[in-house]
Amino acid sequence: MFDTLNEEQKKAVLATEGPVLCLAGAGSGKTRMLTHRIAYLLERGVDPYNIMAITFTNKAAGEMKERVDRLIGENGGSIWITTFHSSCVRILRRYADRIGYDNNFSIYDTDDSKSVMRDVCKRLRIDTKILRERAILSAISGAKDELVPPDEFRARAAGDFRMGRIAEAYDEYQKTLKSSNAMDFDDLIMKTVELFKADGEVLDSYQKRFRYIMVDEYQDTNTAQFQLIRLLAGEKGNLCVVGDDDQSIYKFRGANIRNILDFEHYYPDATVVRLEQNYRSTRNILDAANAVISNNVGRKDKSLWTDKDKGEQIHLKLFDNAYEEAEYIASEIGRRGRKDPGEFGNCAVLYRTNAQSRMLEERFVYEGIPYKVVGGVNFYSRREIKDILAYLRTIDNARDDLQVKRIINVPRRGIGATTIAKVQEYADAYALSFYEALERADEIPSLGKAASKLTAFVSMIRVFRSKLEVMTLDKLVRVIVDETDYMSEFDSETDEEIEGRIENIDELINKIVAFYEVNPEATLGDFLNEVALVADIDEVEEGVPRALLMTIHSAKGLEFDHVYLAGMEDGLFPSDMTITSDNPQDIEEERRLAYVAITRAKETLTLCYARTRMIRGETRYNAPSRFVREIPEILLDNRVAKPRREEEPSPGISDSFARKPYSSPYEIGSGRKPVAVPGKKETPASVKPYIAGGGLGSLSALGVTKGPGPVGGVKGGKPDYDIGDRVRHVKFGEGLVTDLEPGPRDYKVTVDFDEVGQKVMYAAFAKLEKIEI
DNA sequence: TAGTTGGGTTTTTTT
DNA sequence: AACCCAACTA
């Protein structure tokens with residue numbers, strides 16, 4: 001069984017007792033190691049019941065289960081192979097009552113949390129213009145990741161007004177969730193730790209149970225998860241963590257890279273194993289990845305190697321704009337797929353931000369390529385799905401005020417804000433849940449004739465609940481949609497939109513049917529559970545040959561023969577935020593992301609970047625990504641486009657954050673971080689010129705370059721066209737200049753385009769080209 | 001109460 | 001460009 005393992009992998013497999021740190025580089029066969037380790041434990045007579053393996057996604061868990069089953073035959077059933085969140089839900093469903101929740105608590109997603117916070121802010125009279133819900137929620141999330149409860153948060157905030165307000169909001173938010181018998185994602189971890197700390201009996205039982213614990217993607221665990229693992233493993237636990245500090249990319253959601261860097265400090269007697277042979281990528285790809293990541297400081301020293309051939313050079317492509325980039329990628333994948341349709345499934349397009357998917361998707365449709373966009377709006381957070389689920393959750397747990405309020409007037413039942421406020425008032429006065437107050441609508445005097453609408457709603461929910469006794473859940477969903485006339489909610493939408501929504505509801509019904517096929521005995525609560533923790537990537541089925549489009553984050557842990565990296569530009573990847581950040585660690589995290597991206601590729605890697613790109617409605621002129629410039633030229637089939645000016649630093653700069661490759665006009669000569677001018681929307685003057693490393697104070701940063709600059713767009717001066725001239729625009733085609741007037745920073749030009757009609761734009765970045773007649 | 005409009009804000013990444 | 005919210009109108 002172990003013949004396929006290399007020496008190091010074997011070492012990790014055999015070290016079953018005591019703490020083990022396995023530093024596993026990208027593509028070094030860590031899943032193979034983990035599955036064999038589980039198989040080995042079983043072979044040695046360890047009861048499957050005593051094994052726990054924690055993976056990053058449900059998809060990874062499913063795959064690991066399959067591989068274990070294949071190794072040992074079907075008997076891995078009782079092994080817990082799950083994600084952190086799923087394990088915690090399982091534990092809390094059993095014991096949440098010991099920390100003051102009902103065991104059938106609801107799980108709130110980000111959307112739900114935001115609604116609660118909106119309410120909280122209203123109650124506390126927090127001006128959300130000054131202190132945004134998002135900001136509060138992310139502070140709370142950060143606190144929970146660090147296991148900081150509200151009272152401690154408040155104590156730490158002492159003296160700081162802003163933090164003090166957040167502390168109040170945190171406290172109120174937590175109380176609201178509790179009275180709705182709900183937990184958010186972070187609670188799932190934090191409350192489990194709380195449970196273990198509060199209840200020795202429960203902890204003891206789980207410690208006895210999970211005698212062998214393995215944690216995959218360990219570099220992305222946060223403090224709460226680390227505590228959880230420590231508690232479970234106990235003092236003498238057999239804990240094996242597997243990870244790669246170079247692939248730590250989830251700092252924004254609390255991942256603490258110190259967990260892996262300091263593991264040996266927490267467990268001084270840990271066995272350390274390094275998996276450094278890469279089985280995935282060609283040598284060129286691996287060399288590129290190594291070159292990029294070597295620019296990071298403060299990483300565990302390691303060098304990945306391969307005995308594979310060099311393979312193709314890395315393809316580097318420059319485009320004028322994102323549209324052409326999309327066109328190219330789609331046509332390339334189309335070309336591969338036409339030769340062999342199976343190839344579609346071996347291709348992936350990766351990008352930094354979800355917003356980039358749209359244009360790519362359009363081209364994929366155009367080319368008729370089978371594809372799937374992973375991520376973006378999660379299936380379960382679509383409006384119609386959330387509504388239906390809110391019905392189901394209300395039927396399941398009417399204590400969940402949020403869900404009740406979501407659907408009480410969806411579709412329209414003539415129940416408005418005033419009525420809801422009155423009911424809430426009554427509920428508060430009598431310490432009832434919102435739904436309980438609804439049940440007593442007749443007793444609320446202020447309601448008047450609105451009361452009948454509420455009683456009708458309550459009895460409708462009751463009917464649904466009783467129907468569940470006699471019909472399956474999928475049938476019930478149909479009944480809900482029909483009897484509430486749910487689709488009337490979307491009367492104002494286009495046929496296309498409505499069709500999409502119907503498709504989604506059908507898809508939900510399919511998922512319900514599929515779920516009950518696997519779990520015939522499951523309750524409604526079980527289904528809602530299942531649904532709460534699905535990530536988009538979990539939904540990607542194996543064996544369907546279609547190209548995948550997704551963010552680099554989603555691609556973590558996956559591999560593809562052909563990887564296309566779109567949008568390799570400074571300002572997009574790495575993002576502006578990290579470029580301008582004064583914390584050098586931020587850019588390092590981006591670089592790790594680049595490393596993850598590159599190492600997804602097995603056979604070919606294509607890097608794409610565009611001269612211009614629309615970002616948030618603004619045209620941007622970006623320099624090639626510094627990460628591209630960090631790849632040795634010899635590995636590339638093309639040169640990185642020459643910047644306009646020659647004074648730029650050469651590729652491979654590692655201290656790139658020390659000198660900003662370009663600057664916004666606001667900072668010229670000041671050498672400081674650009675500060676947005678308050679009250680002033682960014683004007684086109686801040687458009688980043690297409691230069692790499694122009695440096696501070698460079699004239700080109702102002703666009704005052706001679707030569708092939710934006711044609712006719714010399715700022716400060718009058719363009720070389722005038723009213724009455726014919727001009728050409730890259731995107732809009734040809735048109736007639738109908739107006740031209742000087743603005744505060746730039747000329748404003750109005751053009752009547754032949755194809756798309758009239759547009760008003762700033763001369764500096766419209767790049768209009770005069771057509772001589 | 002429902003529907004519309006205008007203004008302001010935003011996303012980088014997700015369980 | 002897309003989204004969200006508050007204010008206004010019917």
Side-chain angles (χ1 to χ4, degrees), chain A residues 54-61 82-89 107-111 113-115 118 121-122 128-129 132-135 138 141 144-145 183-189 217 220-222 224-225 248-255 322 350-359 374-378 380-381 383 409 411-420 449-450 453 489 491-492 532-538 550-556 567 571-581 586-587 589-590 592-594 596-597 613-619 676 679 681-682:
Chain A
I54 294 186
T55 57
F56 200 67
T57 61
N58 295 303
K59 180 168 188 270
T82 53
T83 64
F84 271 106
H85 289 87
S86 303
S87 326
C88 289
V89 170
I107 300 168
Y108 278 6
D109 65 16
T110 322
D111 251 33
S113 299
K114 204 173 167 205
S115 308
R118 245 198 308 269
C121 287
K122 266 188 203 128
T128 53
K129 290 235 162 65
R132 280 179 236 301
E133 292 104 333
R134 264 185 60 91
S138 91
S141 173
K144 289 181 176 179
D145 289 341
M183 299 195 198
D184 66 19
F185 286 140
D186 302 311
D187 281 337
L188 296 176
I189 315 286
E217 305 284 8
D220 281 319
T221 52
N222 62 35
Q225 291 165 335
S248 169
I249 55 172
Y250 278 102
K251 187 172 165 207
F252 70 93
R253 76 174 202 214
L350 309 183
Y351 35 78
R352 179 68 241 267
T353 66
N354 280 307
Q356 289 167 258
S357 67
R358 174 180 295 193
M359 205 171 277
V374 180
V377 190
N378 183 307
Y380 291 100
S381 38
R383 164 94 191 278
N409 198 32
R412 306 268 119 89
R413 300 187 174 93
I415 303 172
T418 324
T419 308
I420 291 173
K449 52 185 184 223
K453 295 174 185 165
E489 183 67 11
D491 280 349
S492 61
L533 296 173
V534 209
D536 293 287
I537 195 71
D538 300 335
M550 66 187 126
T551 63
I552 302 167
H553 281 90
S554 298
K556 174 171 180 175
L572 184 59
F573 186 29
S575 69
D576 273 325
M577 249 186 214
T578 50
I579 290 174
T580 53
S581 161
D586 289 346
I587 204 92
E589 172 127 335
E590 292 281 290
R592 289 194 290 271
L593 198 53
V596 168
R613 185 180 298 270
M614 280 279 250
I615 298 175
R616 275 208 257 138
E618 224 185 342
T619 304
K681 203 170 176 269
E682 259 196 303

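Protein chains get the first letters and strands the later ones, always in sequence-line order, with residue 1 at the start of each.
For the pair A:H553 NE2 and B:dT13 P, the interatomic distance rounds to 9 Å; values are reported in whole Å. Atom CG of A:D145 is separated from atom P of B:dT14 by 16 Å (rounded to the nearest Å). Between the CZ atom of A:F56 and the C1' atom of B:dT14 there is a distance of 8 Å, given to the nearest Å. Whole-Å rounding puts the A:D538 CG to B:dT14 P distance at 13 Å. A:R134 has its CZ atom 11 Å from the C1' atom of B:dT13, to the nearest Å. Rounded to whole Å, atom C1' of B:dA2 lies 13 Å from atom CD1 of A:I420. Taking atom NZ of A:K129 as the reference point, atom P of C:dA6 lies 7 Å away to the nearest angstrom.
Here the side chains of A:L593 and A:E590 are in contact, with some heavy-atom distance below 4.5 Å. No side-chain heavy atom of A:I54 sits under 4.5 Å from any side-chain heavy atom of A:Q225.
In this pair, A:F56 and A:Y250 present their aromatic rings tilted. The plane angle is within the 30 to 60° band.
Among the heavy atoms of the strands lying under 4.0 Å from A:T418 are primed sugar atoms or P, OP1, OP2 only; no base atom is included. Across all strands shown, A:T128 has no heavy atoms under 4.0 Å from either base or sugar-phosphate atoms. A:F84 comes within 4.0 angstrom of no nucleic acid atom, judged by non-hydrogen atoms across all strands. Among the heavy atoms of the strands, none lies under 4.0 Å from A:D109. As judged by a 4.0 angstrom heavy-atom cut-off over every strand, A:S554 is placed among residues touching the sugar-phosphate backbone only. As judged by a 4.0 angstrom heavy-atom cut-off over every strand, A:D586 is placed among residues making no nucleic acid contact. Using a 4.0 Å heavy-atom criterion, one finds that A:E590 contacts the bases of the nucleic acid, with or without backbone contacts as well.
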Could I get a table of every N or O pair under 3.5 Å where one atom is in the protein and the other is in nucleotides 2-5 of chain C?
| residue | atom | partner | partner atom | Å |
| --- | --- | --- | --- | --- |
| C:dA2 | OP1 | A:R358 | NH1 | 2.7 |
| C:dC5 | OP1 | A:R118 | NH1 | 2.2 |

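Picking from B:dT15, C:dA1, B:dA2 the nucleotide with the shortest atom distance to the side chain of A:R412 gives B:dA2. When the nucleotides B:dT15, B:dA2, B:dT1 are ranked by their closest atom to the side chain of A:T110, B:dT15 comes out on top.
Surrounding CZ of A:R358 are at most 12 heavy atoms belonging to other residues, nucleotides or ligands under 6.0 Å away.
For A:S138, the side-chain contact (heavy atoms from CB on, under 4.5 Å) test picks out no residue, with sequence neighbours left out. With sequence neighbours left out, the side chain to side chain donor-acceptor pair (under 3.5 Å) criterion links A:S113 to A:Y173.
B:dT11 and C:dA6: their C1' atoms are spaced 23 Å apart (whole Å).
Remark: ring of A:F252 stacked against base of B:dT13; centroid gap under 5.5 Å, plane tilt under 30°.
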